[in-house]
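Only this structure's heavy atoms are used, side chains among them; waters, hydrogens and symmetry mates stay out.
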Amino acid sequence: MTETPSATDPRVYMVHGQPATARVKGDPAAGDAPVLVLLHGAGLDRRFWRPVFDDAAITTPVIAFDLPGRQGSEGTAFTRISDSAAWIAAALKAAGVRRAVLVGHSMGTLIAMETALLLRGDDAVTVDRLVLLAPADVMAVNDALLQQTLNDPAAAQAMMDKWSYGIPDGPHCAEARANAADAPAGVLHADLTACNAFGSALDLAAAISVPVDVVVGEADKMTRAKQGRALAAAFRHAEVTALDGVGHMMLHEKPEPVLAVLRRAVGVISPVV
């Protein structure tokens, strides 16, 4: 009998010939249930998603990968979103995922959209739905901040921390700050370079046919709510959830309404016919 993977122990998969780490809840390769695939943002890793793993109401399998260059995922951090999407597509196949709900935060929203398009018509993995937390139509990065991620990464992260929280003392905010502060050298710069180089996501959104949930924080200073709404308008089927007083780190500032969107996203999916 195969033991179901623990939600507390990382799993290691081989992706493009290198070890890739993921936190897993349930068995992403078993059954026909959709798997919640969690894609972290810039300078972060799988630890960002702990509130989702701790939510007993989410009973579907959950998997959160570390992108290359952090935690146990070997390799160099990518500087192009397309490379991250190709890596995630390969990682899903390595983990045996057959149906996926792609959940991205910030940079992860771009990766989720690219991955969905990449897997369109794929025989191995079907993307049923997207959930985009703190997305933007254009994820441009301030030139001074981008340079500072090279010259003084700690100061750059401190600046981002000032902009990232609408509710600075939210239940998981200290944990989120610690996660960001623990980024390996060069990772934040690579991630923000990828975001900055991506340009407009509107054409990409228009090409996506699956349902999309967009969650915006009205107090988000990193990817502003109006940018998320502009992106949502480009999708064929999108629903927007707006959180008053909440900033960029919405899952850590006010987790319950974000978790409610994830539960609904899994619950509304009909079986593949």
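Judged as a salt bridge (Lys or Arg N to Asp or Glu O under 4.0 Å), the pairs with a partner in residues 33-48 (not counting sequence neighbours) are, in order, D45-R47, R46-D66, R47-D182.
A donor and an acceptor atom, one from each side chain of Q157 and D161, are located under 3.5 Å apart. Checking D143 against Q147 by side-chain atom types alone, no donor-acceptor pair falls below 3.5 Å.
The side chain to side chain donor-acceptor pair (under 3.5 Å) test applied to E239 returns no partner, not counting sequence neighbours. With sequence neighbours excluded, no residue forms a side chain to side chain donor-acceptor pair (under 3.5 Å) with Q227.
When every heavy atom of R98 is checked against every heavy atom of A30, the shortest pair comes out as NH2-C, 4.1 Å. Minimum interatomic distance between P171 and P255 (heavy atoms only, all atoms of both residues): CG-CD, 3.6 Å. Of all heavy-atom pairs spanning A95 and A29, the tightest one is O-CB, 3.6 Å. Minimum interatomic distance between A232 and V240 (heavy atoms only, all atoms of both residues): CB-CG2, 3.5 Å. Across all non-hydrogen atoms, the minimal contact from D137 to A230 is OD2-CB, 3.6 Å. For A155 against Q148, the heavy-atom pair with the smallest separation is CB-NE2, 3.5 Å.
Side-chain contact between V138 and F198: absent, with no pair of heavy atoms (C-beta onward) separated by less than 4.5 Å. Side-chain contact check for V212 versus V214: some heavy-atom pair is nearer than 4.5 Å. Two residues are said to be in side-chain contact when any heavy atoms from C-beta on lie closer than 4.5 Å; L130 and V210 meet this criterion. Contact of the E74 side chain with the P19 side chain is registered, since non-hydrogen atoms from C-beta on lie closer than 4.5 Å. The side-chain heavy atoms of L132 and D213, taken from C-beta on, include no pair separated by under 4.5 Å. Between L251 and W49, some side-chain heavy-atom pair lies under the 4.5 Å cut-off. A heavy-atom distance below 4.5 Å is found between the side chains of L231 and M113. Proximity of V131 to V261: side-chain heavy atoms (C-beta onward) are separated by under 4.5 Å at one or more points.
Of the inter-residue distances, the one linking I167 atom CD1 with C173 atom SG reads 7.5 Å to the nearest 0.5 angstrom. Atoms CG and CH2, from N142 and W163 in turn, are 5.5 Å apart once rounded to the nearest 0.5 Å. Rounding to the nearest 0.5 Å places CE of M250 at 6.0 Å from CG of D220. In this structure, the separation between CG on L259 and CG on D55 is 4.5 Å, given to the nearest 0.5 Å. Rounded to the nearest 0.5 Å, atoms CH2 (W87) and OG (S82) are 15.0 Å apart. T126 contributes atom OG1, which lies 8.5 Å from atom CG of D123 (distance to the nearest 0.5 angstrom).
Note: the hydrophobic cluster containing M107 does not contain L146 (ILVMFWY, side chain heavy atoms under 4.5 Å, direct or indirect links). Criterion: ILVMFWY side-chain heavy atoms under 4.5 Å apart, direct or through other members. Under it, F78 and L188 are not part of a common hydrophobic cluster. Cluster membership check: Y13 shares its hydrophobic cluster with L39, using side-chain heavy-atom separations under 4.5 Å among Ile, Leu, Val, Met, Phe, Trp and Tyr. Note on V24: it clusters hydrophobically with V125, by side-chain heavy-atom contacts below 4.5 Å among ILVMFWY residues. V37 and L118 sit in two unconnected hydrophobic clusters of ILVMFWY residues. Membership requires side-chain heavy atoms under 4.5 Å apart, directly or through other members.
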Step-by-step side-chain contact (heavy atoms from CB on, under 4.5 Å) determination, M160 to L192: CA-CA 11 Å; M160 290 176 63; L192 292 185; 4.1 Å; yes

Applying salt bridge (Lys or Arg N to Asp or Glu O under 4.0 Å) to R263 and E256, what does each step give before you reach the verdict? CA-CA 10 Å; R263 297 179 203 127; E256 182 52 37; 2.8 Å; yes

Could you go through the side-chain contact (heavy atoms from CB on, under 4.5 Å) check for I208 and R236 one step at a time? CA-CA 7 Å; I208 291 173; R236 302 179 198 181; over 6 Å; no

Starting from the C-alpha separation in whole Å, work towards a yes-or-no answer on side-chain contact (heavy atoms from CB on, under 4.5 Å) for E114 and L204. CA-CA 7 Å; E114 279 274 0; L204 178 60; 4.0 Å; yes

side-chain contact (heavy atoms from CB on, under 4.5 Å) evaluation trace for V127 with R120: CA-CA 8 Å; V127 175; R120 187 168 59 182; over 6 Å; no

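Just one residue in the list L119, D83, I111 forms a side-chain contact (heavy atoms from CB on, under 4.5 Å) with I88, and that residue is I111. Here the rule is ring-ring contact (aromatic ring centres under 6.0 Å, His included) with F48, and of H172, H40, H248, H105 only H105 fits it. For the pairing with E218, the salt bridge (Lys or Arg N to Asp or Glu O under 4.0 Å) check across K254, R224, R229 returns one residue only, R229.
The pair D27-R11 fails the salt-bridge criterion, with no side-chain N (NZ, NE, NH1 or NH2) lying under 4.0 Å from an Asp/Glu carboxylate O.
The backbone N or O of V141 sits less than 3.5 Å from a side-chain atom of N196, completing a donor-acceptor pair. The backbone N or O of G108 sits nowhere less than 3.5 Å from a side-chain atom of S106 that would complete a donor-acceptor pair. With hydrogens and angles disregarded, no donor-acceptor distance shorter than 3.5 Å links the side chain of S73 to the backbone of G69. Listed for the R23 side chain is no donor-acceptor partner under 3.5 Å among the backbone atoms of I63. Using a distance-only test at 3.5 Å, with no hydrogens or angles considered, no donor-acceptor pair links the side chain of R129 to the main chain of L102. Using modelled atom types, no side-chain atom of K93 and backbone atom of V15 make a donor-acceptor pair closer than 3.5 Å. In this structure, the side chain of T21 engages the main chain of G72 through a donor-acceptor pair within 3.5 Å.
For the pair R177 and Y165, the distance from NZ or CZ to the six-membered ring centre is under 6.0 Å and the angle to the ring normal is within 45 degrees.
Other residues, nucleotides and ligands contribute more than 12 heavy atoms inside 6.0 Å of the CG atom of D169. A 6.0 Å sphere centred on CG of D203 holds no more than 12 heavy atoms belonging to other residues, nucleotides or ligands.
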